[in-house]
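As the structure lists them, so they are numbered: ligands from 1, and atoms in each ligand from 1.
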Amino acid sequence: MSEEARVPATGHTEAEIASQPDCWRRAAGMAADVAGALPASGERVAVAGCGTSWFMAQAYAVAREAAGHGETDAFAASEMPLGRPYDRVLVLSRSGTTTEILQLLSRLPGSVPTVAITAVPGTPVAEAAGAVIDLSFADEESVVQTRFATTELALLRAHLGEDIGPVAAGAERVLAEPLPTEMRTARQFTFLGTGWTVGLASEAALKMREAAGMWTEAYPAMEYRHGPAAVTGDGSVVWLLCTPPDGLGAEVAAAGGIAWYSDEDPLAELVRVQLLAAAVARARDRDPDRPRNLARSVILADR
Ligand code: F1P
C-alpha cells in the first residue's frame with residue numbers, strides 16, 4: 001500500500017481545529033469561576049510551559065502586562081530562573097506529565113503559590129501545583145496541540161477582561177473560508193507578530209513544522225528586516241499576525257514573496273494556520289494525527 005493511501009482524508013486534528021469557537025466560548029464562560037486561582041491584578045507573575053504551552057505563556061505574559069495587570073515573565077520550563085521573587089507561578093501543560101514542568105514545580109521555593117492549567121487533572125503536574133484549572137473539555141486526541149492551547153489562551157484573555165465572543169465569531173469565519181492556493185503550495189513561511197502575537201507567531205510556525213514538516217520561522221515584526229528577510233523569495237509567505245509595519249508588504253513582494261495579513265483577531269487567524277498545517281501535511285502524504293518524531297508528552301527518564 002502506498003504512503004498516500006495510508007493517509008486518511010481527515011482526522012482528529014481537523015475535528016479539534018473546527019471545535020475551537022465553541023471551546024473558547026465555554027472557557028470564557030468559566031473565567032469568573034476560576035478567577036481566584038489565576039493571577040490577581042498587581043501580582044508579579046511567571047508563566048512557564050514547553051512547546052506550544054511555552055508560546056501560550058509568552059502570549060499571555062505580554063497581554064497581561066500590556067493590559068496593566070502587572071509584570072509578567074514567560075519562560076520555557078527548563079530555563080526559568082529559580083531565584084526571582086514572583087507572587088505566583090502559572091504552569092501550562094495539556095498532558096500534566098511533562099518532565100520539565102514537574103522539575104520546575106519541585107525546585108520552586110515552597111512559599112510561592114503555583115497554579116496549573118491542564119487537560120488532565122490527577123496527573124503529576126496537577127498534583128504538584130497548589131491549584132488546578134481543569135480544561136479537560138478541551139483535551140485532544142491529537143499529538144499536535146490546537147484547541148487545548150487556544151482554549152487556555154481564550155480563558156486567560158477573558159480573565160484579562162477581553163470579550164471572546166467576537167474572537168470566536170472570527171474563527172468561525174476563518175473555518176468557513178477556503179485556504180488560498182498560494183499558501184498550500186508555499187515552500188517557506190515566516191510568521192511575524194508584535195506584543196502578545198509574537199508568541200502566537202512562534203506557535204503558528206511550530207504548527208506548520210509539527211504537523212507538516214515545513215520550513216518556518218517566527219520573529220517580532222520589526223526584526224524581519226534585521227536578517228530574516230534574507231530567506232524570503234519565490235514561494236515564501238510572510239504571514240503577519242499583527243498590523244503590517246509601514247512598507248513591509250512591498251518589501252516582501254519585491255523579494256518575490258507573498259505578504260499575508262487579515263483583519264481577524266490573531267487567535268482566529270491562528271486557526272487559519274492550523275487548517276493550512278493539516279492540509280499541507282496531507283498534501284505531502286503526512287498524517288497530521290501522527291506527526292513525525294513527536295509524542296503527546298515529553299516524559300524523560302531520570303538522568
Ligand atoms: C507540551 C508539548 C507539546 C508538543 C509535543 C510535546 O506538552 O511540548 O506542545 O506538541 O507534543 O509536548 P504539555 O506540557 O502542554 O502537555
Options S53, C50, A48, ranked by nearest heavy atom to atom 15 (O) of ligand 1, top entry: S53

Heavy atom to atom 11 (O) of ligand 1, shortest distance: which of G51, S95, A295 holds it? A295

Looking at [atom], what's its closest protein heavy atom, distance included?
{"atom": "atom 12 (O) of ligand 1", "result": "R296 O, 3.6 Å"}
{"atom": "atom 14 (O) of ligand 1", "result": "T98 OG1, 2.5 Å"}
{"atom": "atom 9 (O) of ligand 1", "result": "T52 N, 3.1 Å"}

List ligand 1 atoms under 4.0 Å from Q145, heavy atoms only on the residue side. 1 (C), 3 (C), 7 (O), 9 (O), 13 (P), 15 (O)

Counting each atom of ligand 1 from 1 as listed, which ones have a heavy atom of R94 under 4.0 Å away? 13 (P), 15 (O), 16 (O)

Salt-bridge criterion met for [X] and [Y] (N-O under 4.0 Å):
{"X": "R296", "Y": "D139", "value": "yes"}
{"X": "R94", "Y": "E152", "value": "no"}
{"X": "E71", "Y": "R84", "value": "no"}

Does V144 approach ligand 1 within less than 4.0 angstrom via side chain, backbone, both or neither, non-hydrogen atoms only? neither

Is a donor from one side chain sitting under 3.5 angstrom from an acceptor on the other, for T114 and R88? no

From M208 CE over to T216 OG1, what is the distance, rounded to the nearest 0.5 angstrom? 7.5 Å

I'd like to check L156 versus V47 (side-chain heavy atoms, cut-off strictly below 4.5 Å). Are they in contact? no

Give a yes/no on ligand 1: does L294 have at least one heavy atom closer than 4.0 angstrom to it? no

Which of these passes side-chain hydrogen bond (donor to acceptor under 3.5 Å, both in side chains) with T146: H12, E14, E140? E140

Distance-only N or O hit between ligand 1 and E210, under 3.5 Å: yes

